[in-house]
Structure formats: C-alpha cells, structure tokens
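Heads up: the structure comes next, in structure tokens.
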There are 2 protein chains.
Amino acid sequence: MTITGVNSNVLKKGDPEPSAPAAGTYRLYNMRFCPWAERALIYLSAKGVPTEVVNIHLMEKPEWYFKKHYQGKVPALEHDGRIVIESGVIPEYLDDLLPENRFLLSDPYEKAQQKLLLERLSVVVPAFYGLFSLIKDASAKEEKLGNLKKALDEAEQLLQHEFFSGSKAGYVDFLIFPFFERIWWVSDIAGFAFPSPDHPKVAKWFKATSELPEIARVIQPLEKGHLFIKSYADGKPDYDV
Amino acid sequence: MTITGVNSNVLKKGDPEPSAPAAGTYRLYNMRFCPWAERALIYLSAKGVPTEVVNIHLMEKPEWYFKKHYQGKVPALEHDGRIVIESGVIPEYLDDLLPENRFLLSDPYEKAQQKLLLERLSVVVPAFYGLFSLIKDASAKEEKLGNLKKALDEAEQLLQHEFFSGSKAGYVDFLIFPFFERIWWVSDIAGFAFPSPDHPKVAKWFKATSELPEIARVIQPLEKGHLFIKSYADGKPDYDV
C-alpha cells in the first residue's frame, strides 16, 4: 500500500502547513467526499506511486493552502517542488510524467476518442447535482429523476465493452466513476434504485469498477458517503465523518 | 496557402455530402463566425497542412452532417477516414498527430500549466456571451460590462510575456484569441472600447496576435463580424455574409 492519509482528519484555518513532500513522493490535497479530487486520488492509486493524502477543510481553509491552489479548491498535486491543480489536468499530467504505466491511450486518435467519450458521459455530472439538491428540496423530483434516467440511458448506450476504456479499466472509468459512486450514495436517500436492472451494463460496470483494487483501497464506504451527504445538505459538512 | 474554402458558402439541408477528403489532407467542418470552430481553423493554419474548410448551416443542417458529429455541431475534423470533434480536443489531437510542429508544450509540467492558464483565461467566454446578449436586451448593461472588465483585468494580470504561451504565440493564444476577437466585434455595437488602454498588455497582445500570418489568413474582417453578429441577434444568422 503506497497511499497514506486517505482518512486523515482535515487541516483547517490555523493549522500549520505540512513540510514539503519527500523527493520522488506525491502529495494530494483532497477532501474525502469530493468527486473531482477523487479522480486524482484514483489515478495516483492506479499509478502505484508513493502518495500522501492531505485532507483540507473546504469551509475553513488553511491560509497557506491558497499558495497551493489560487482558489483554494481541491484537488492539488504537489511533488518535487511543483504543483499541478484541477481534476481534468492532473490525470493526463501523471500519464505524461509516468508514461510506463499510462491509462490515457497514447495513440493520438484513441486518446482523442477517450476524451470525447468522457465528455459525453459527463451528462451524469449535472444529473448527480440535480439529485443531490433533492435531499433538501423535493420539488421537481420527477424532472430530476428523469434527467438521471436520460443520463444513465446515454451511459448504457456508450458502454460498448466491459469498461468504458475497453477491456481494461482506464482513463474514462477512473474519471467518471466518482460521479456514479455519488449517485449510488444519494440513491437511498432520494428514493430511487441505483445500480438498477434498467441499466444492466452500467450496473455490472459499476460493481466491477468499485471492486478494482486501485479503486477499492481509496474510496469511502457507503455509510460514510450517506452521512457526509446528509451533513452537507444540512449546511454543516462533516469532513471527518 | 494551404487552406481553401475559408469563405465558402454554407452547405445546408438537401445539399449533397462532399466526397471524402484526399488521403493526407484535412477537412474542417466550420462556421465562419463560430469561435469554437475558429480554434481548430487557426490550429490547422498554424500547422500548415493542406486543409479544406466546409462551412455548415447551423440552423438547417445537412442530414449527412450528423454522421460527422453526433450533435451536428462544429468543429469536426475529417482526415484519412477518421473524424475528431470538439474544439478542446482537436488542437491537442493535431499536436499529437503532427508533433514536429507542436504548440502545446510537450514537457508534462509546462503542458499542464498551459492548460490551466487557458482555463483561467476562459473567464472571457461567459463575459463575451453576456455582452452579446446586450445587443438584443440592454438590461443589466452595467453588470455585464463589469463582468467584462473583471475578465479583462484577470487576462491583463495573467499575460506575463508577449504572448500567453510565452515569447511565441502557441496553444493558449490560439484557443483564446477567437473570444477576444468577438469581444472586439461586439464592442462598437454595445458601446464600449476594446482593445483599450485600460488593459495595455492585452491590447498589445490582441493586435500582435491578430496580425500573425497563421491567424490573419483565416479570420473574418471586422465589418463582416459586425454584420453577422447583428443578423444573429435578429434571429436570422447570415452565415454567408
């Protein structure tokens, strides 16, 4: 296991800045329940590089954190005196930096198609945020569940192999999984079934992907996801749940 | 001059599909006034590869065009039996395919920083669309001009060299230029000054960039931009203006 600190308590305003990561090691500034940061976390896990996770309190950010990310958001990746931010940039950066174990395909055409597939699948992102809003406000429930159904129909149709990236999980799977995972967390609370036999290929993919060792070792259990989602909807996110 | 058809009339519903581009040549499905498609157009021009531009009527799309782009949008790039879509994907695809003349830097860290810079600069995109809406509806004018000012302040601060990409124009400049160009088109109509001495570095950059041969040879003159913008605001876009 090369990843430490996945469940470490958040650092917040007033907490001192940790010293720089050792040469050749990676530090991910994260928040355990953030789907965007989870993309980078899964990528680092899959790369198998020595990684320390530092969780950040996103409501009371440490002052020094704005030196890592100009907006104070997560994820941010720090290593060897360099910082790279943004969940859409870090994975490709890691593939460029560590090409011996890359997930975004290197053939120009295949690479472009993977990016386009991720973009098409990203219909699940607004569908998830719509669902999430149902926890506080049940109005327009039918419409929001309808949007989810449309997004899942699209995903079902786009899933042409065992994984979105092909016969092996890769770039597309790693970057989209966190949003499906959160749909799963919200499903019980908001009263719908996910995964469901209505989308059998997606259901099978979701199970297989969540059981991949590189993912299983860094994700949060369902019950913690529930608790966090509820605390967040109440306006008092419990980052250390 | 390796680019043909930049000002060709649009193809629309009922028009036959052109035969496939010759081996080794590129075809860009474009609309002369679309800022997103212009990113790909500038990139192809800068690459210097033989390119045919086919303009598409976006209100009455040819039936066959949906085989090129599943949503019928522009840009789409066709070459050697392959199609790649999306303005955020085509430039990097061209750099990967034709690496001897690349604009997105190949060093992993520099490449990541260029993408992040483009993302930060993209505050000008919603600022432009806000301005554009002023042509039809002058309400909230102060707010929209305020948003533009904030976006241009940000750009002014981010411009640390002669070009956003460094001492030479590159990826960031080519992808963001079309939005500054449209701010320029709208500026007269909506009653504000751009380029302006309030943002001297951006003003100098805008002039230098618009005069680069690879850009100057493919962009539309100001008066055509005006006419198109007005026709579009009237709900009857004149694609062949």
Side-chain angles (χ1 to χ4, degrees), chain A residues 26 36 39-40 43 47 49 68-73 75-123 150 154 157-158 160 171-172 175, chain B residues 26 36 39-40 43 47 49 68-73 75-123 153-154 157-158 160 171-172 175:
Chain A
Y26 294 78
W36 307 100
R39 291 173 153 189
Y43 234 81
K47 287 284 179 188
V49 291
K68 312 295 182 186
H69 190 303
Y70 72 108
Q71 294 174 312
K73 293 183 179 174
L77 176 71
E78 182 173 10
H79 76 102
D80 301 302
R82 293 184 153 176
I83 293 170
V84 175
I85 63 174
E86 293 285 340
S87 76
V89 172
I90 292 170
E92 188 166 353
Y93 173 65
L94 288 169
D95 273 338
D96 288 340
L97 196 67
L98 306 161
E100 59 283 357
N101 181 17
R102 62 181 297 141
F103 301 105
L104 185 57
L105 301 176
S106 57
D107 172 81
Y109 180 75
E110 295 300 332
K111 178 179 164 188
Q113 296 310 312
Q114 289 215 319
K115 290 192 173 184
L116 293 166
L117 178 56
L118 178 65
E119 200 164 312
R120 290 188 68 170
L121 276 171
S122 298
V123 292
K150 259 186 269 175
E154 176 87 354
Q157 190 227 315
L158 291 170
Q160 299 287 324
Y171 176 83
V172 183
L175 269 66
Chain B
Y26 294 79
W36 306 100
R39 291 174 153 188
Y43 234 82
K47 287 284 180 190
V49 290
K68 312 295 181 185
H69 189 302
Y70 72 107
Q71 295 174 311
K73 293 182 179 174
L77 176 71
E78 183 173 11
H79 76 101
D80 301 301
R82 292 185 154 175
I83 292 170
V84 176
I85 63 174
E86 293 285 341
S87 76
V89 172
I90 293 170
E92 188 165 353
Y93 173 65
L94 288 169
D95 273 339
D96 288 340
L97 197 68
L98 306 161
E100 59 284 354
N101 181 18
R102 62 181 296 142
F103 300 105
L104 185 57
L105 302 176
S106 57
D107 172 80
Y109 181 73
E110 296 299 333
K111 177 179 163 187
Q113 296 310 312
Q114 290 215 317
K115 290 192 172 183
L116 293 166
L117 178 55
L118 178 66
E119 200 165 311
R120 290 188 68 169
L121 277 171
S122 298
V123 291
D153 288 348
E154 176 87 354
Q157 190 227 315
L158 291 170
Q160 300 286 325
Y171 176 82
V172 184
L175 268 66

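What you see is a predicted model, and the numbers here were worked out from it, not measured in a lab. Here is how names work: the chains are called A, B, and so on, in the same order as the sequence lines, proteins then strands, and each is numbered from 1.
A donor-acceptor pair under 3.5 Å links the side-chain atoms of A:K47 to the main chain of A:N101, judged by distance alone.
Within the 4.5 angstrom heavy-atom criterion, no atom of B:L94 approaches chain A. Interface remark: B:I83 contributes backbone atoms only to the contact with chain A (heavy atom separation under 4.5 Å). Neither the backbone nor the side chain of B:Q71 comes within contact range of chain A; no heavy atoms are under 4.5 Å apart. For A:I85, the parts lying near chain B are the backbone and the side chain together; criterion is any non-hydrogen pair under 4.5 Å.
Classification of the A:Y26-A:H79 ring pair by plane angle, with boundaries at 30° and 60°, yields parallel.
Contacts of A:H69 classified as side-chain hydrogen bond (donor to acceptor under 3.5 Å, both in side chains), with partners at least two apart in sequence or in another chain: none. Residues passing the side-chain hydrogen bond (donor to acceptor under 3.5 Å, both in side chains) test with A:Y171, sequence neighbours excluded: none.
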